[in-house]
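What follows is a set of notes on a single structure, which appears directly below.
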Amino acid sequence: MKTVRELVNSKSLTKISMITCYDYSTAKIIKDTDIDIVLVGDSLGMVIYGYPSTLQVEMEQMVFHTEAVYRGLEGQKLLVSDLPFLSYQASTRDAVFNAGRLLKAGANIVKLEGGRRVIDKVRAIVDADIPVMGHLGLTPQSINVTGGYKLQAVDEESIENLFEDAFALQNEGVVALVLELVPEEVAKKLTEELSIPTIGIGSGRFCDGQVLVINDMLGWFKDFSPKHTKKYANLSEVIFSSVNEYVSDVKNGTFPGEGNVFHLKKEVDFEKIIRKFKVS
Ligand code: KIV
């Protein structure tokens, strides 16, 4: 498993790969892959719970899913877990307490959204010896002020703000920075200027690493494939046709087959019991 220190030191040495994961069964598979980092993202609100945004996600859900993924990974992967909306914004006490809960659930690092406006929370969590990953650019927990899921840092003022936020986070000791939906040129320059690794999603080719939502890259949703994602599989089709094949097997009697059934041992006198219960 990569350690937090190795993650920080890997900048410019090797590209960092990160993927989201929300459940035990998937984590069991991911454990044996080459992925560097696993993220229990608050995107679970949308992909697992069907919420309209990440704003509805509760701390308890993040704890339960972090525990499940941790059990599946068996300590083989560096695990990052998201602090959900309202778990850190209201006070530094909330921030430290909830970050600690994620660590107790198995996370090695907590991730939170925002820069200078949450810097006191970042400082408090880092002071409690809990590693923090930052998240700038599109920050879905601020969707009501940023105005939708769209490209960020597109004008001079917002680019300047992004740089200020990134350096403020680095100064407070965050171990890495997720850059979501930022123009490639901006992410490239920021990556060159920062000493901590950047991990991009929809932010071009020059970040130190990449992160994808597992459901997107596996093609879980038939009608949803964001431009920044590459589809490595077509699971929606696999699931759809497998379920229909099963239904057809049940209807035409080919499932269960002889290989799927259990028989009585020869020594059991089943006939005797039948005779006993036979209504004459
Ligand atoms: O919640 C999430 O999945 C994330 C990634 C998009 C980086 O924060």
Side-chain angles (χ1 to χ4, degrees), residues 7 15-23 26-27 30 35-59 61-66 68-69 77-89 98-99 102 105 107-115 118 122 131-143 146 148-153 162 165-166 169 174-182 187 190-191 196-204 207-218 220-221 224-230:
L7 163 68
K15 289 273 187 180
I16 300 161
S17 58
M18 182 158 98
I19 195 161
T20 67
C21 179
Y22 315 105
D23 67 279
T26 311
I30 288 181
I35 203 90
D36 295 311
I37 309 172
V38 176
L39 167 68
V40 183
D42 61 354
S43 51
L44 65 78
M46 283 134 115
V47 296
I48 303 296
Y49 288 93
Y51 299 152
S53 74
T54 58
L55 294 176
Q56 292 77 18
V57 176
E58 296 292 344
M59 197 49 215
Q61 289 166 304
M62 293 310 300
V63 168
F64 288 145
H65 285 272
T66 301
V69 171
K77 298 289 176 196
L78 194 61
L79 182 57
V80 182
S81 187
D82 265 344
L83 279 164
F85 179 61
L86 271 198
S87 69
Y88 60 98
Q89 287 91 342
N98 287 319
L102 294 180
N108 305 105
I109 299 173
V110 300
K111 178 165 80 58
L112 55 77
E113 296 181 9
V118 292
V122 173
V132 176
M133 183 177 282
H135 184 155
L136 294 174
L138 178 73
T139 47
Q141 292 176 17
S142 310
I143 207 68
T146 52
Y149 298 95
K150 56 183 192 201
L151 194 65
Q152 303 294 306
L162 176 70
D165 282 338
L169 289 171
V174 305
V175 296
L177 180 62
V178 166
L179 286 177
E180 182 166 357
L181 277 188
V182 168
L190 192 51
T191 299
I196 53 169
T198 59
I199 302 179
I201 174 162
S203 297
C207 292
D208 296 303
Q210 296 290 330
V211 54
L212 281 181
V213 170
I214 191 163
N215 300 63
D216 295 343
M217 59 88 74
L218 292 180
W220 202 287
F221 300 110
F224 179 72
S225 182
K227 174 179 159 74
H228 64 260
T229 291
K230 181 170 170 188

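Just so you know, these numbers use all the heavy atoms, side chains as well, and skip hydrogens, waters and symmetry mates. First listed ligand is number 1; within each ligand, the first listed atom is number 1. What you see is a predicted model; the values in this text were computed from it and never measured.
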Minimum heavy-atom distance between Leu102 and Ser81, given as atom pair plus value: CD2-OG, 3.6 Å
Numbering as shown, the atoms of ligand 1 that approach His135 to under 4.0 Å (heavy-atom distance): 8 (O)
Considering all heavy atoms, the nearest His135-Leu177 contact: N-CD1, 3.8 Å
Enumerated ligand 1 atoms positioned under 4.0 Å from heavy atoms of Thr20: 3 (O)
Protein contact of atom 8 (O) of ligand 1 - nearest heavy atom, named by residue and atom, plus distance: Lys111 NZ, 2.7 Å
Residue pair Gly115 / Leu136: nearest heavy atoms and the distance that separates them: N-CD2, 3.7 Å
Option of least heavy-atom distance to atom 6 (C) of ligand 1 (set: Ile201, Leu112, Leu138): Ile201
Contacting atoms of ligand 1, where contact means under 4.0 angstrom from a heavy atom of Gly41: 1 (O), 2 (C), 3 (O)
Under 3.5 Å: N/O of Asp42 near N/O of ligand 1: yes
Sequence-distant partners of Ser53, side chain to side chain contact (heavy atoms under 4.5 Å, CB included), two or more places apart: Leu55, Gln56, Tyr149
Neighbour count above 12 (heavy atom, 6.0 Å) for Phe64 CZ: no
Per atom 3 (O) of ligand 1, closest listed option by heavy atom (Ser43, Ser81, Pro140): Ser43
Protein contact of atom 5 (C) of ligand 1 - nearest heavy atom, named by residue and atom, plus distance: Leu39 CD2, 3.8 Å
Ligand 1-proximal atoms of Asp82, by part, heavy-atom distance under 4.0 Å: side chain
Nearest non-hydrogen partners of Val57 and Gly45, listed with the distance: CG2-CA, 3.5 Å
Results of side chain to side chain contact (heavy atoms under 4.5 Å, CB included) for Asp216 - residues two or more places apart only: Val213, Phe221, Phe224, Pro226, Thr229
